[in-house]
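Lettering of chains follows the sequences in order, A, B, ..., and the numbering in each one begins at 1.
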Number of protein chains: 2
Amino acid sequence: MQASPRRQPTLDEVAARAGVSRTAASRAINNNPHVSQAKRDAVQRAVDELGYVPNPTARALVTRRVGAVVLAVSSDEPTLFADPFFAEVTVGVSSFLEQTDLELILLLAHTPHGRDRLQRILSARRADGLMLMAVRGDDPLGQLAERTDMPVVFGGLPLHSTPRWYVDPDNRGGGRLAAEHLLRSGRRRIAMITGQVDLHACVARELGFREALTLAGAPLVALEVGDFTLPGGEAAMERLLTAHPDIDAVFAAGDNMALGALRALRRHGRGVPHDVALVGFDDLAGAPYAAPSLTTVHQPVRALGREMARMLVDAIDGQDPNPLILPTHLTVRDSAPEHRADQA
Amino acid sequence: MQASPRRQPTLDEVAARAGVSRTAASRAINNNPHVSQAKRDAVQRAVDELGYVPNPTARALVTRRVGAVVLAVSSDEPTLFADPFFAEVTVGVSSFLEQTDLELILLLAHTPHGRDRLQRILSARRADGLMLMAVRGDDPLGQLAERTDMPVVFGGLPLHSTPRWYVDPDNRGGGRLAAEHLLRSGRRRIAMITGQVDLHACVARELGFREALTLAGAPLVALEVGDFTLPGGEAAMERLLTAHPDIDAVFAAGDNMALGALRALRRHGRGVPHDVALVGFDDLAGAPYAAPSLTTVHQPVRALGREMARMLVDAIDGQDPNPLILPTHLTVRDSAPEHRADQA
DNA sequence: TGGAAATATGGAAGCGCTTCCAGTTTCCGG
DNA sequence: CCGGAAACTGGAAGCGCTTCCATATTTCCA
């Protein structure tokens with residue numbers, strides 16, 4: 001390995017030094033079988049001596065493989081990505097890609113201009129594949145993704161269609177778990193705080209939640225809409241408490257909203273879980289640290305990212321991986337214990 | 001704009017259609033002055049009709065500009081990036097890059113293999129510039145970054161050297177603010193929870209904190225080491241309470257650690273702020289939602305990312321931007337109010 | 001009105017790599 | 001010792017774009 005030479009050595013120089021043709025050098029470097037061991041060794045030596053590193057751009061030009069994938073998060077508020085949820089997904093994606101030689105291009109498209117950029121990236125084939133997170137019902141990204149011939153993996157289903165490749169947590173099942181748990185612990189005046197209503201995840205969580213309530217013959221006393229943020233959850237809880245002061249349980253479709261709700265409950269002097277039991281969704285890192293610690297539906301966020309990446313890589317390799325639903329489970333903590341008596 | 005043609009049109013086809021040479025077409029597209037308006041228009045028309053999008057790879061091959069920058073976060077635990085802090089920085093970076101036509105390559109280098117990848121990216125010039133976050137004292141990335149001839153912007157100073165380009169919050173000043181606040185509110189038995197000791201940010205925060213204590217003639221009763229995580233802060237607080245049950249104030253060098261500490265304090269029945277006042281650092285989104293809400297040193301995290309990106313772009317453009325220290329300020333909330341009496 | 005200066009133009013040479021294709025060599029069984 | 005299969009080898013043709021350079025064309029002022 002040389003100490004940063006002024007100019008990167010090229011394949012030609014490697015070939016010359018190794019005393020082989022450029023073709024042979026290229027083959028040796030790419031493990032193409034049509035080279036003798038002798039040349040292979042000679043090339044290897046030359047590579048080491050020169051500190052040669054193939055120019056990915058030149059390679060991409062001819063192979064038509066860029067060696068990069070895009071993870072796009074579309075939202076109106078730039079803040080969305082700051083949600084630990086996305087960070088965790090990103091970690092998952094990245095941890096899988098680390099095993100490949102694909103790079104991760106992160107695209108936070110929160111303006112029309114940002115979406116244009118994604119559009120351009122797609123039409124210019126600046127990436128080999130695309131992961132799309134949490135597409136809203138009216139998001140043009142959905143159709144945009146359908147039109148490209150680049151493999152696209154959805155993280156979370158879009159609202160109105162079922163794409164070929166997606167990874168989705170079992171939102172419906174998770175919603176059901178939350179309801180069953182609250183019912184089991186004796187709650188009957190149950191409300192819910194959902195997220196953006198045009199997000200499949202919210203619809204599914206609500207659906208599952210309602211399902212279980214209906215099965216038990218319990219009503220959903222009220223439904224308020226938040227936006228997956230702490231202040232959003234807080235405001236929704238405020239509205240809930242104003243309109244229905246007698247509720248004894250709340251299911252928030254996201255931990256952040258649950259944490260926001262917790263604050264509103266605290267301010268209103270409602271004891272959690274004594275007066276009101278609270279269940280979140282996500283099981284983010286902060287959930288055990290809330291006061292009281294948050295009972296929540298756990299979804300494997302990092303695995304979600306990892307599997308999205310794996311699926312995309314498979315798709316790029318010309319396979320046709322199966323869509324994936326990841327299991328959720330309930331993590332019981334203090335904000336909604338098994339039995340009401342535990343806390344009363 | 002065509003409906004996704006089987007093959008992307010090339011510059012040659014645009015030129016042919018516009019009835020000009022390829023050279024002229026290229027110039028028209030790149031706003032090179034050496035083209036007549038007439039040809040410019042003709043080319044524009046052809047571009048529109050064909051839905052032509054320049055091939056960035058081919059362009060990069062000749063211009064030697066890749067059109068991408070790397071944001072690298074190096075750490076042993078893959079979890080680090082999941083810290084809302086980094087997510088927020090990323091949002092800042094991304095929001096600036098959105099105005100340019102640079103792409104953001106995210107590299108979470110938490111294994112030796114990950115660092116190799118970064119190394120390869122640098123030597124293969126797969127990016128035009130590099131942003132490096134929170135480099136630890138012994139991190140090989142530091143030297144690696146010095147050896148490359150690609151512009152490198154540091155987010156947070158490295159421990160032992162002062163790079164040419166960096167953006168750093170005023171950690172020392174922030175530490176000072178925390179100490180002054182605690183002293184002002186009448187605390188005297190003060191401890192600190194720092195992060196990794198080979199991180200410049202921690203050293204600087206501690207330095208500032210100690211400075212202000214010394215100036216007031218107050219001792220630093222104890223110092224425990226955490227790792228910027230919730231459990232890390234919790235454990236550090238446990239140790240603190242065991243060894244020094246009489247402390248009446250704690251400064252945690254990060255909000256996550258402060259939140260962890262809060263839990264330990266709660267478990268030990270210590271009232272916050274009545275028995276122990278708690279000050280964090282960062283002012284993450286969750287700080288106002290803790291119970292009690294967290295007094296903390298605010299640092300402009302998103303601005304940090306934005307300025308890193310701006311600085312890098314300037315550096316890539318051949319300018320020599322000045323390093324930047326961003327101001328911090330104290331956000332007073334309930335965990336450490338102005339006056340002890342407020343809460344007693 | 002005559003050129004010098006300014007402006008426009010396109011041919012051709014690459015950027016660094018992969019890969020087709022047409023040979024050349026090597027290896028064996030007959 | 002021969003012929004064909006199998007294994008190598010390297011020349012050359014691009015991938016799609018920018019840009020140098022030499023050549024037109026126009027402009028403008030003395």
Side-chain angles (χ1 to χ4, degrees), chain A residues 5-44 46-47 50-68 101 120-121 123-128, chain B residues 5-44 46-47 50-68 101 120-121 123-128:
Chain A
R6 208 83 233 81
R7 207 181 49 78
Q8 290 288 337
T10 71
L11 186 57
D12 278 309
E13 297 171 54
V14 171
R17 176 148 197 147
V20 304
S21 72
R22 190 208 328 206
T23 308
S26 171
R27 284 180 180 139
I29 286 166
N30 294 304
N31 288 316
N32 180 306
H34 297 285
V35 208
S36 64
Q37 191 57 46
K39 303 218 164 189
R40 207 174 283 278
D41 293 343
V43 170
Q44 184 56 54
V47 165
L50 260 38
Y52 170 76
V53 181
N55 179 324
T57 305
R59 184 177 281 182
L61 185 57
V62 36
T63 60
R64 288 147 186 291
R65 284 268 197 131
V66 182
D101 50 0
R120 280 212 305 283
I121 288 184
S123 38
R125 294 208 76 85
R126 251 189 120 143
D128 299 323
Chain B
R6 208 85 232 78
R7 208 179 51 79
Q8 291 288 336
T10 71
L11 184 57
D12 278 310
E13 298 170 51
V14 171
R17 177 147 196 147
V20 304
S21 73
R22 191 210 327 210
T23 308
S26 171
R27 283 182 180 135
I29 287 168
N30 295 303
N31 287 317
N32 180 306
H34 297 283
V35 208
S36 65
Q37 191 57 47
K39 303 217 165 191
R40 208 176 284 279
D41 294 343
V43 169
Q44 184 56 55
V47 165
L50 260 39
Y52 170 76
V53 181
N55 179 323
T57 304
R59 184 176 279 183
L61 185 57
V62 37
T63 60
R64 287 149 185 291
R65 283 270 197 130
V66 183
D101 51 359
R120 279 212 305 281
I121 289 183
S123 39
R125 295 208 75 84
R126 251 189 120 143
D128 299 322

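In this structure, CD of Gln37(B) is placed 21 Å from P of dT25(D), rounded to the nearest angstrom. Rounded to whole angstrom, the span from the CG atom of Leu61(B) across to the C1' atom of dG14(D) amounts to 12 Å. To the nearest angstrom, C1' of dC15(D) lies 13 Å from CG of Leu11(B). Residue Ile29(B) contributes atom CD1, which lies 8 Å from atom P of dC17(D) at whole-angstrom precision. Atom pair Asp12(B):CG and dA12(C):C1' shows a separation of 13 Å (rounding to whole Å applied). If you take CZ of Arg27(A) and P of dC17(C), they are 16 Å apart, rounded to a whole angstrom. Rounded to whole Å, atom P of dC8(D) lies 17 Å from atom CG of Asn30(A). Note: CZ (Arg65(B)) to C1' (dC15(C)) measures 16 Å, nearest angstrom.
With dA8(C), dC15(D), dC17(C) as the choices, the nucleotide that has an atom nearest any side-chain atom of His34(B) turns out to be dA8(C). When distances run from any side-chain atom of Thr10(A) to the nucleotides dT9(C), dC17(C), dG14(C), the shortest one goes to dC17(C).
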**Report entry** Worked check of side chain to side chain contact (heavy atoms under 4.5 Å, CB included) between Val14(A) and Val43(A)
**Finding:** CA-CA 7 Å; Val14(A) 171; Val43(A) 170; 4.2 Å; yes

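Between the side chain of Gln8(B) and the main chain of Ser123(A), a donor-acceptor pair closer than 3.5 Å is present. Under a 3.5 Å cut-off, the side chain of Asn32(B) and the backbone N or O of His34(B) do form a donor-acceptor pair.
Put simply, Lys39(B) has a side-chain N or O that comes within less than 4.0 Å of OP1 or OP2 on dT9(C). Phosphate contact (OP1/OP2 of dG10(D), side-chain N/O of Ser21(A), threshold under 4.0 Å): present. Ser36(B) has a side-chain polar atom (N or O) that falls below the 4.0 Å cut-off from OP1 or OP2 of dT9(C). The side chain of Arg59(A) contributes no N or O atom lying less than 4.0 Å from OP1 or OP2 of dC15(D). Note on Ser26(B): a side-chain N or O is less than 4.0 Å away from OP1 or OP2 of dT18(D).
With respect to Arg65(B) and Asp128(B), no salt bridge is recorded, no charged nitrogen being found less than 4.0 Å from a carboxylate O.
If Asn32(B) and Arg22(A) are placed on DNA chain D by their nearest nucleotide, the residue sitting closer to the 5' end is Arg22(A).
Note that CG of Asn30(A) and CZ of Arg59(A) are 4.5 Å apart. Values are rounded to the nearest 0.5 Å.
Residue-level contact check: Thr23(A) touches the bases, meaning some heavy atom is under 4.0 Å from a base atom.
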